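Data first, discussion second: the structure below is written as structure tokens.
Not measured: the values here are computed from a predicted model.
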Amino acid sequence: MPAPARSGPSRHAAVLLAVWTLLVAGVSSGITAAVVGGDSGDIEGAAAAPTVSPSIWQDTHTYPADPPQEPEAVPSPTAESFAMGEKAKSGGATVVVKKVSESASVTLDDFESEKVLKAGAGAKFAIVETTVYNDGTEPFDPVCGGGISQGLVDAEGRKFDLIEDAYLVKANRKAEACGEEVQPGFERDAVFVYKLPADASPAQWTFSGSRGMTEDDLAVVRLAVRTTSS
């Protein structure tokens with residue numbers, strides 16, 4: 001009896017096989033083209049280089065420039081003002097200005113003899129006579145070693161320093177205003193002499209109980225001048 005004939009694959013199976021064959025062939029050819037690709041050696045169809053984006057920490061905003069900084073204002077020393085005859089106070093020093101006079105000369109005592117110091121042509125001396133009280137806790141010298149004088153100011157605002165020989169002025173030698181410090185609780189007369197132009201008008205006398213070491217304790221005494229001949 002002859003063997004039965006074997007039936008071939010169904011039509012549906014044949015279609016699936018054909019589709020599978022085409023897919024495999026297509027993938028293989030794509031891979032081959034990517035590997036052996038173009039003439040220049042570049043991979044055809046390769047992905048483009050990624051675009052670099054700013055870091056999340058990088059601030060890309062623009063801001064206006066900071067406004068210019070104004071210089072800090074420097075506070076000027078404050079000065080308390082007093083009239084002649086009043087007890088002007090600064091630090092541990094209290095001073096009463098008794099008289100202010102102008103003269104063409106002053107008498108000096110150099111320990112051995114007296115001599116006259118002349119202001120010279122176009123100049124004059126302004127002489128400030130005072131009583132100085134030590135109301136502080138430390139002794140100080142009114143005239144020597146820098147003294148308490150911070151200068152004399154004329155009507156034009158010009159400042160003049162104490163003359164170099166102030167410690168030799170006869171009135172200071174007599175009162176021992178220089179060389180022996182005034183102890184706390186004591187007082188002493190002292191004369192302060194300044195050389196000015198002949199046409200200057202003394203307006204203020206300034207002093208400091210801290211000898212100028214503290215800016216805010218400057219005291220100012222308003223002056224009324226009386227002219228003398230010597």
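Side chains of Pro202 and Tyr194 form no contact here, defined as non-hydrogen atoms less than 4.5 Å apart. The closest side-chain heavy-atom distance from Arg173 to Phe111 is below 4.5 Å. With contacts defined as side-chain heavy-atom distances shorter than 4.5 Å, the pair Ser101/Ile127 qualifies. Contact check for Val100 versus Trp205: no side-chain heavy atoms found under the 4.5 Å cut-off. Within the 4.5 Å cutoff, side-chain heavy atoms of Val169 are placed close to those of Leu108.
When atom types are taken as modelled, the side chain of Asn172 and the backbone of Ala166 share a donor-acceptor pair closer than 3.5 angstrom. In this structure, the side chain of Ser105 does not engage the main chain of Lys118 through any donor-acceptor pair within 3.5 Å. With hydrogens and angles ignored, the 3.5 Å screen pairs a side-chain donor or acceptor of Lys124 with a backbone N or O of Ala200. Distance alone, capped at 3.5 Å, places no donor-acceptor pair between the Ser103 side chain and the Phe125 backbone. Side-chain N or O atoms of Lys159 include one that pairs as donor or acceptor with a backbone N or O of Gln150 at under 3.5 Å. Of the possible donor and acceptor atoms, one in the side chain of Asp141 sits under 3.5 Å from a partner among the backbone N and O of Cys144.
Between Phe192 atom CZ and Leu152 atom CG the span is 11.5 Å, to the nearest 0.5 Å. Atom-to-atom distance recorded for Asp135:CG and Glu187:CD is 10.0 Å, nearest 0.5 angstrom. To the nearest 0.5 angstrom, Asp109 atom CG is 11.5 Å from Lys174 atom NZ.
Here the shortest heavy-atom pairing between Arg222 and Ser81 reads NH1-OG, 2.5 Å.
Between the side chains of Asp189 and Thr131, a donor-acceptor pair is found at a separation under 3.5 Å.
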